[in-house]
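Just so it is clear: chains get the letters A, B, ... in the order the sequence lines come, proteins before strands, and each one is counted from 1.
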2 protein chains.
Amino acid sequence: MQRSSPKKDAILREATKLFSENGYWDTSISDIAHATGVAEGTIFYHFHSKEELFLAVLQKFKTELISSFHQFLDTHEFADGLEMLEASITFYLQQTRKMEERFLLLHRHHYYQIAEDNQKCWHHLEDIYSSLISIFEQAIIKGQKDCSIKPVSTKNKALLIFTLVDGLVRLNTYKLYRADELYNDLIESCRSMLQSTT
Amino acid sequence: MQRSSPKKDAILREATKLFSENGYWDTSISDIAHATGVAEGTIFYHFHSKEELFLAVLQKFKTELISSFHQFLDTHEFADGLEMLEASITFYLQQTRKMEERFLLLHRHHYYQIAEDNQKCWHHLEDIYSSLISIFEQAIIKGQKDCSIKPVSTKNKALLIFTLVDGLVRLNTYKLYRADELYNDLIESCRSMLQSTT
DNA sequence: TTAGAAACTGAATGAGTACTCAGTCAAAAA
DNA sequence: TTTTTGACTGAGTACTCATTCAGTTTCTAA
């Protein structure tokens, strides 16, 4: 019978923090063990390898992120598609702030490197991205039905909007520019990309 | 007196290739030495450390990239600002294809990590990004003078356009989506973001 | 021709690393 | 109570890797 193991959760929590602060390679198992207050062996008792631990962090992020999106869509009503799109962008930016560390981790390159020869990792990334993009896509589809959005390739426009929003998040995390100040311009740009000119 | 050292160039060339293929941590000095056909010691004769070699790759990229932009602007005439912007986007996408490895390296996260406590690295990144963004900005300024582009905050719009274009490049390098197919939508979106509605 | 400097070598070093494993401990099952 | 089993430990192992350095080769200026 499985007994409860609070240390497993603690390890996952500290690993998330350290990986996103310092990256995969600059975080040693010994660092994580120290931060958690656990022996190194304990980490390997719960996770077969460092890479598996790293993937467990991604996996947990994925489930929490996707469920937060479902909750968002289930609990909100929108007047029209364009409003839904704007609300989705705002919600997305909120999430990136709330789950800041893990979005940073997502933007780091190492997951993409692992994904090259690890299908599981690739699927996690794909799931995350498609769930992000699909919110925008659903809004565009709705908007095209109610004519608040002009007829365009929904998939492609959703990708471009996603790219735009996610690019801002990246500029922010890298601290290259103050992305906050771009919020109004972002919304306005999306509107002119999509709005029916009636 | 300094003698010519073809091996230094060869090291830099192979390092660029290996770093962009496998990343910083998965590329050892011994790998680079083997690939170049040089003893490990030779690398440390020319570069004080692995990190310095990594930065030398960035430095070289920066100078070549910036000079290619200057050449582009010096040798082209544009009917109006909007045309200049479209041409700049096309040129930028061309460059990312021509310097594919190095753009991949730029998108990898490790430079940003080093930049956190290495001013030199931070300046390289800043120079690269501002030179990229300034092309778009110049086009927008020109377009506002000749009224092909509506009056907007040039800096912010340039950032958003950059974000959009660069996002596509990233989607491409990560092979998450076929970004080629988005080219037309990209241009069209930029146009509706900027075009005067006259 | 030769001294001296620059370019280059590669074995040795030592710091760090992921991971193993024999064994301890505590709680649940018998 | 005794036995079993899952959770946990941490010293030990095997290995990788950046960096060093004493020495060799190659070039050039005098």
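- Taken residue by residue, residues 12-27 of chain B places no heavy atom nearer than 4.0 Å to DNA chain C.
- Here C:dA18 presents its P atom at 15 Å from CD of A:Glu52, a figure rounded to the nearest Å.
- C:dA7 atom P lies 16 Å from atom CD1 of B:Ile43, rounded to whole Å.
- Note on A:Phe72: it does not cluster hydrophobically with A:Ile66, by side-chain heavy-atom contacts below 4.5 Å among ILVMFWY residues.
- Within the 4.5 Å cutoff, side-chain heavy atoms of B:Tyr183 are placed close to those of B:Thr90.
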Close N or O pairs between protein and nucleotides 19-23 of chain C (under 3.5 Å):
residue	atom	partner	partner atom	Å
C:dC19	OP2	A:Lys50	N	2.7
C:dC19	N4	A:Glu40	OE1	3.2

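- Of the candidates D:dC17, D:dG10, C:dT9, the closest approach to any side-chain atom of A:Ala39 belongs to D:dG10.
- Between the side chains of A:His46 and A:Lys8, not a single donor N or O lies within less than 3.5 Å of an accepting N or O.
- Following rounding to the nearest Å, B:His34 (NE2) and D:dT16 (P) show an atom-to-atom distance of 13 Å.
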- Determine, step by step, whether B:Ser148 and B:Glu83 satisfy the side-chain hydrogen bond (donor to acceptor under 3.5 Å, both in side chains) criterion, reporting the C-alpha distance in whole Å, the side-chain angles of both residues, the deciding distance to 0.1 Å, and the verdict. CA-CA 9 Å; B:Ser148 60; B:Glu83 194 198 291; over 6 Å; no
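- Put simply, NZ on B:Lys7 is 10 Å from P on D:dT26, counting in whole angstrom units.
- Side chains of A:Lys50 and A:Ser28: no donor on one and acceptor on the other come within 3.5 Å.
- The side chain of A:Tyr45 contributes no N or O atom lying less than 4.0 Å from OP1 or OP2 of D:dC8.
- Counting only N and O atoms by type, the side chains of A:Asp26 and B:Gln113 include a donor and acceptor under 3.5 Å apart.
- Within the 4.5 Å cutoff, the side chain of B:Glu14 has no heavy atoms near those of the B:His34 side chain.
- Across all strands shown, B:Thr42 has heavy atoms under 4.0 Å from base atoms, whether or not it also approaches the sugar-phosphate.
- Side-chain nitrogen and oxygen atoms of A:Lys8 include none within less than 4.0 Å of the OP1 or OP2 phosphate oxygen of D:dC8.
- Ring centers of B:Trp25 and B:His110: under 6.0 Å apart, within the cut-off.
- Contact check, A:His46 against D:dC8: a side-chain N or O comes under 4.0 Å of OP1 or OP2.
- Ring planes of A:Phe78 and A:His76: parallel class, angle under 30° (limits at 30 and 60°).
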